[in-house]
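Within every chain, numbering begins at 1; the chains are lettered A, B, ... in the order of the sequence lines, protein sequences first and strands thereafter.
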Amino acid sequence: MTHQTHAYHMVNPSPWPLTGALSAFLLTSGLIMWFHFYYTLLLIAGLLASTMTMFQWWRDVVREGTYQGHHTAPVQKGLRYGMVLFIISEVFFFAGFFWAFYHSSLAPTPQTGGQWPPTGILPLDPMEVPLLNTAVLLASGVTITWAHHSLMEADRKESTQALLMTIALGTYFTYLQLSEYSETSFTISDGIYGSTFFMSTGFHGLHVIIGTTFLTTCYFRQQLYHFTSNHHFGFEAAAWYWHFVDVVWLFLYISIYWWGS
Amino acid sequence: MALSLRPLSRGLASAAKEGHGGTGARTWRLLTFVLALPSVALCTLNAYLHSGHRPRPEFIAYPHLRIRTKRFPWGDGNHTLFHNSHVNPLPTGYESP
């Protein structure tokens, strides 16, 4: 008996869960040291350790799946469950920030002028750059669907083109949001309006950057012929994550930018 | 067994060929160039036309804005991360004329 007689993946021992846990500790304690004592070494070490952990862990997953053939149908099914559960957990993460926003905006306190937006706050016009941002993300949802179908129809040239357009649109969104952040007359320190606005849109922007990075990884893997027309779960996971980011934006746009203005 | 995720992997394409319902790659490419990208172009134009500097609001030292309970861990601790001195006043007022 020198080979397994089941279709599951018994993963070899790996140091990355440990380095991941250590980097999480460095990140959290690092943030505390930075916020309270203006000391950045722990935080930088944490960022470095977590980046290296992610790179090496996911590199190993690609090696196990694409090069060693461990991703059989039941294994892939487990990966699908995993990605869905992760995205659901992220939905709950954003739910907290939406809760904070609605808690404060539905019953504005006298301290902020008894109105929403609070007295002295000039909200952004939802029909200007925020509307453009909405069009950009919706368009990127269309282009990634085009990329997926092209991939399934084994059209290499078109799937690469569509994937690049999706990445470009994601980058355009990030650029637009950064310029908006520099131009708003209100800041994160402007009471509960500033706090809810920048925490919600800020974490969303971080997720756009993460999603764009995931898509870029897919682009490089595509160039290396990792995907086949019927086995490309890494691409599908990136596409699901990207759609999730788009949906969160739609909720942000309608709640904070439109209703909240 | 638990819920089947197989349908999720096929998305909107119930077949690789783009026959019935027209949900193949050709359809999404068409949607990209006829609907999605022109909308982005139009919204870009709209946002650009409506940009341009507005007169900045006068400074009133409201206690519920420009809160400084704890100094920021960068710079002089009094400026937000995306501070723009033309439109963002400090708790004491605008920095630049």
Could you walk me through whether A:E183 and B:R56 pass the salt bridge (Lys or Arg N to Asp or Glu O under 4.0 Å) test, one step at a time?
-> CA-CA 11 Å; A:E183 300 279 319; B:R56 75 183 181 192; over 6 Å; no
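- For the pair B:R71 and A:Y38, the cation sits on the ring face: its NZ or CZ lies under 6.0 Å from the ring centre, inside 45° of the axis.
- Chosen from B:N84, B:L31, B:V40, the residue pairing most often with chain A at heavy-atom distances under 4.5 Å is B:V40.
- Judged by the 6.0 Å and 45° rule, A:R221 forms no cation-pi pair with A:F235.
- Neither the backbone nor the side chain of B:I60 comes within less than 4.5 Å of any heavy atom of chain A.
- A heavy-atom distance below 4.5 Å is not found between the side chains of B:I67 and A:D190.
- Ring pair A:F173/A:W249: centre-to-centre distance below 6.0 Å.
- For A:T134, no part sits under 4.5 Å from any heavy atom of chain B, backbone or side chain.
- Using a 4.5 Å cut-off between heavy atoms, A:F186 touches chain B through its backbone atoms (N, CA, C, O) alone.
- Aromatic pair A:Y257/A:F197: ring centres closer than 6.0 Å.
- Contact annotation for A:M165: only side-chain heavy atoms (C-beta onward) come within less than 4.5 Å of a heavy atom of chain B.
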Derivation of the salt bridge (Lys or Arg N to Asp or Glu O under 4.0 Å) call for A:E236 and A:R80 | CA-CA 9 Å; A:E236 291 183 66; A:R80 287 174 189 280; 3.2 Å; yes
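- Looking at A:E158, the atoms closer than 4.5 Å to chain B (heavy atoms on both sides) all sit in the side chain, from C-beta outward.
- Only the side chain of B:F33 comes within contact range of chain A, judged by heavy atoms closer than 4.5 Å.
- B:T80 touches chain A through its side chain: at least one heavy atom from C-beta onward sits under 4.5 Å away, while N, CA, C and O do not.
- Comparing A:G194, A:S182, A:S150 by heavy-atom pairs within less than 4.5 Å of chain B, the highest count is held by A:S182.
- Contacts with chain B were tallied for A:Q111, A:E128, A:M127; A:E128 has the most, counting heavy-atom pairs under 4.5 Å.
- Top candidate by heavy-atom pairs under 4.5 Å with chain B, chosen from A:S140, A:P118, A:G120, A:P130, is A:G120.
- Open room surrounds NZ on A:K157; 12 or fewer heavy atoms of other groups in view lie less than 6.0 Å from it.
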